[in-house]
Amino acid sequence: MSWKASERLMETIRHYASFPATGVSLRQMVQFGEKPSTGTLFRASQFLAEELPIRLAHRVQELQTLPDGLNEMPSVKKVADWYAQSFEELTSLPRPQLSREVRERLMRPSKKVPSYLSEATPNPSIEEGQYSSWSGNGNGWSRGKSLATRRYFAPVDDTADWPPELQLYNQKFAQTLHRIKRRHDGVVTTMAQGILEWKRRRQRMIIDNNIQSFLDRFYMSRIGIRMLIGQHIALTDQSHYRDPSYVGIICTKTYVRDLAQEAIENARFVCEDHYGLFEAPKIQLVCDPNLNFMYVPGHLSHMLFETLKNSLRAVVETHGQDKQEFPVTKVIVAEGKEDITIKISDEGGGIPRSAIPLVWTYMYTTVDRTPNLDPDFDKSDFKAPMAGFGYGLPISRLYARYFGGDLKLISMEGYGTDVYLHLNRLSSSSEPLQ
Ligand SMILES: Nc1ncnc2c1ncn2[C@@H]1O[C@H](COP(=O)(O)OP(=O)(O)OP(=O)(O)O)[C@@H](O)[C@H]1O
C-alpha cells in the first residue's frame, strides 16, 4: 500500500514551513575540511535535522497548493508524498540523550577556524527573493533563533573524546539521508511526467509564468537539498577519502580541462549512438590545463554535458546526418578574477529570436516525441537521452546560479549559437534561499 500523510503530520509540516530556509555557501561547506570530527559532524547533523525538514515542508505546501489543478495530477501527488515521507523520517529520528557536559562542549567553539569564514554573502546571480516562496510571517523569533544556534558549520571543542552515542547518531542520520536521497532520485522525471499529465488534460502547449517560476523554485530547492544531503553523506562516510582535494562532494581543485574533455567525450558518444554516426561532429577545447578552482565536479559535468549535447544535435540536424564532415564546435575557457567562463560556440543554425525565451521554460523542446515515461519506470535505470524533455537548459542554468554563476545563450539564426557558462569562483555566495 502506498504511504499517506496523516493530518497530524500535515500540521507539523505547516509549522516547519513557517520558518525560512537558511542558505549555505560553498565555502562554508568546504570548511569541514577533509576529516571533520564526530562532534563537528554532530553539529552539522543537528543543523540539517532542522534545516532539511524546513526545506521539505515548504515544498510539500507548495506542491499541494499548485494552481489550475496541477496539484491533482497523480505524479505531482506522488512527488508531494515523497517529500512528506522524507520530512517524517527526519523529524521522527530519535535524538541521543546527552549529558549536560557534552551538550555544553558541543556549543563551545573550537579556536581553530576564524568565524568570519562562516559568513555567506548574497548570491550575485539572484535577485532578492527570486527563488523564495517564503513571504515572511512576522515571526521574528525564528530568525533570531536561526542566527544564534542554527549554524551549519560549527567546529566544536575536540580536546577530549566524544561519547559513542554521537558517532552512532551520525551514522543513523547519514543512513536516513541516504534513503531519502534515493527516494528522491526520480523527482525531476516524475514532475516532468506530472506536467505532461496536466498539459494533456488541459490541452496546454506552453506553461504559464506562475508554473514556470514554481518549477524554477522547486528544482533550485532540490539542487540545494541534494547538495546538503550529498555533502553530509560523503563527510560522514570517511572510509572513502582517497583524494585530499575533496571535501565531501566538493573538489577544491576541479581541473576544468579534464572535466570538459570528459564531457565532450560523453556527449559525442551519446550523439554517435543516437544518430548512428560513425563519428560525431568534432569539438575543439581551448583551456589552460592547469586551470582549477573549487567547485562540485558533478554539477559542472552536468552543465557541460547538457549544453554540448544541444550543440551536437543542432549541428547534426542542421547539416544532415549523412554528412562526412561537420563544422567544429568550439569550447573556450577563460579565467577571470570573478568568474571562470566557458563559451560553447556551435554552427548548428541558431535559434529564432522569438524562441529564445522559450528555451528557458520547462517542456520546451523541438524533439517531436518526448520520451514517454511509465509512471512506475525504474528511475535508477534512466539513461540520459540525446534530448527530449526540454529540461537541459533551464536546469543547467539553475546549477550555475546555485553557486553564484549563470548561463546565457546568444544565437545567430541561420548560423549558430554561443552558450556562455559563467562560474563564480569567489565561492562565498549563499545558496539561493528557498
Ligand atoms: N545550441 C543550440 N542550437 C540550436 N538550438 C538549440 C541549442 N540549444 C538548445 N536549442 C533548442 O532549445 C531547445 C531546448 O533545449 P533543452 O536543452 O532545454 O532541451 P532538449 O535538449 O530539447 O531536451 P533535454 O531535456 O533532454 O535537454 C532544444 O529542443 C532546441 O530546440
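These figures come from a predicted structure and were not determined experimentally. In listed order, ligands and their atoms are each counted from 1.
- The proximity of T307 to ligand 1, defined as any non-hydrogen pair under 4.0 Å, does not occur for either the backbone or the side chain.
- Within 6.0 Å of NE2 on H178 lie no more than 12 heavy atoms contributed by other residues, nucleotides or ligands.
- Less than 4.0 angstrom separates some heavy atom of G350 from each of these atoms of ligand 1: 4 (C).
- Residue nearest to atom 11 (C) of ligand 1, selected from I344, I395, L358, I351: I351 (by heavy-atom distance).
- Under the 6.0 Å cut-off for aromatic ring centres, F218 and Y83 qualify, their centroids lying closer than that.
- Residue contacts with ligand 1 leave out S396, since none of its heavy atoms falls under 4.0 Å from the ligand.
- Of the possible donor and acceptor atoms, none in the side chain of N170 sits under 3.5 Å from a partner among the backbone N and O of T236.
- Using cut-offs of 30° and 60° for the angle between ring planes, the Y16 and F19 rings count as perpendicular.
- Near P394, meaning under 4.0 Å from one of its heavy atoms, ligand 1 places the atoms 18 (O).
- T254 contributes a side-chain N or O that, together with a main-chain N or O of F293, makes up a donor-acceptor pair within less than 3.5 Å.
- Against a heavy-atom cut-off of under 4.0 Å, D346 is close to the following atoms of ligand 1: 1 (N), 2 (C).
- By heavy-atom distance, the residue among N310, V419, L312, T361 lying nearest atom 9 (C) of ligand 1 is N310.
- At distances below 3.5 Å, not a single donor-acceptor pair connects side-chain atoms of R353 with backbone N or O atoms of E413.
- Going from atom NZ of K77 over to atom OG1 of T190 covers 15.5 Å, rounded to the nearest 0.5 Å.
- Looking at ligand 1, you'll find an N or O of G392 within less than 3.5 Å of one of its N or O atoms.
- Residue K309 has no nitrogen or oxygen atom sitting less than 3.5 Å from a nitrogen or oxygen atom of ligand 1, judged on distance alone.
- Residue contact annotation: A355 has no non-hydrogen atom under 4.0 Å from ligand 1.
- Each of the atoms 27 (O) of ligand 1 lies under 4.0 Å from some heavy atom of E306.
- Between the side chains of H184 and S86, a donor-acceptor pair is found at a separation under 3.5 Å.
- Any N or O atom pair closer than 3.5 Å counts here, and L393 shares at least one such pair with ligand 1.
- At least one N or O atom of G390, backbone or side chain, sits closer than 3.5 Å to an N or O atom of ligand 1.
- Checked against the 6.0 Å centroid threshold, Y219 and Y402 do not count as a close aromatic pair.
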